Amino acid sequence: MTHWNPVADFDAAYDNSGAVADAAEFAPRWEREAASFRAALAARGRSEIDLAYGENPRQKLDLFRPEGEARGLVVFVHGGYWKALDKSFWSHLARGAVESGFAVAIPSYRLAPEARLAGIAGDVAAAIAMAAERIAGPVRLVGHSAGGHLVARMVSSGTPLAASVLARIDRVVPISGLHDLRPIRRTRMNDTLRIDAAEALAESPALLEPAHACPVHALVGAVELPELRRQSWLLASSWAGLGAPVEAAELPGRHHFDVVEELGLAGSQMTRILTAGASL
């Protein structure tokens, strides 16, 4: 039986950077690797950068194409606790899906406190819809941390996605997702996020019903903070009890930052799950 200890310090329970000794080294390296990947695909004429899906400066996405006709579309939604980072840090994580024959869209979105969570989810839905207009075939969603929350939100009740776009989604992979927002309200981050009680209930996938019967694979690093691990299992438990095809798994030896790097490898378990539907 899995035992979950009561949370005594909510800030520490969700402090991913504090839990990883070399956390500060990841973002600068990701930024360099992402820039290199964008340059390489631009040189081959296989990228479109800063496509606007709205009027706000952050409402833009990058689209990367495989060689030949795409098998479908993958949309990667980045994390940063809904208040930090943008698409420029993550381009290289498209490599695994692109080399597996998929086009990959990576959007930025408005951040808190400029936007509330429902507005951020609306941005992600608009980005998915725009990319789906450009790429035929199935649509697969993958997101990390806050992005994991956002991709799960796309297929839960009250989704901001249009029915025609929702119908094309055939796989969702939340990585280290935050699926119950009520504990986040008890952290100092909420001074910026401003999540209120009603919003936590309305925007938490684990507290909502699945709205689309596509497979959902909730992944998390096995050495992540207990609360991050619990959140992934919570989504799987909640939605499985409502009849959804959902499962959860912990990736051995992976923490909150290196777990997402598997998307940059075509042969990784995570990329196979996303692009080929491999079993956990």
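Keep in mind that what you see is a predicted model, and the values were worked out from it rather than measured.
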Legend entry - N-O pairing of Glu48 and Arg134 below 4.0 Å: yes
Legend entry - Salt-bridge contact Arg186-Asp9 (side-chain N to carboxylate O under 4.0 Å): no
Legend entry - Side chains of Tyr109 and Asp86, donor plus acceptor under 3.5 Å: no
Inset, instruction - For the residue pair Ser145 and His256, confirm or rule out a side-chain donor-acceptor distance under 3.5 Å. - result: yes
Quick one: [atom1] on [X] to [atom2] on [Y], what's the gap to the nearest 0.5 Å?
X      : Y      : atom1 : atom2 : result
Ile175 : Glu224 : CD1   : CD    : 10.0 Å
Asp50  : Ser108 : CG    : OG    : 8.0 Å
Cys214 : Met154 : SG    : CE    : 12.5 Å
Lys83  : Leu193 : NZ    : CG    : 7.0 Å
Leu228 : Glu250 : CG    : CD    : 10.5 Å
Glu247 : Leu235 : CD    : CG    : 12.0 Å

Legend entry - Residues Tyr53, Gln59; criterion side chain to side chain donor-acceptor pair (under 3.5 Å); working and verdict: CA-CA 6 Å; Tyr53 64 86; Gln59 292 174 323; 5.3 Å; no
Inset, instruction - Output, in order, the C-alpha distance, side-chain angles, deciding distance and verdict of side-chain contact (heavy atoms from CB on, under 4.5 Å) for Val155 and Thr159. - result: CA-CA 6 Å; Val155 292; Thr159 173; over 6 Å; no
Inset, instruction - Specify whether Trp90 and His78 have parallel, tilted or perpendicular ring planes, treating 30° as the upper limit for parallel and 60° as the lower limit for perpendicular. - result: parallel
Inset, instruction - Determine the interplanar angle of the His92 and Trp30 rings, folded into 0 to 90°, and report it as parallel if under 30°, tilted if 30 to 60°, perpendicular if over 60°. - result: tilted
Legend entry - Output field: ring centroids Phe257/His144 closer than 6.0 Å: no
Inset, instruction - Would you mind reporting whether Arg95 and Leu265 have side-chain heavy atoms less than 4.5 Å apart? - result: no
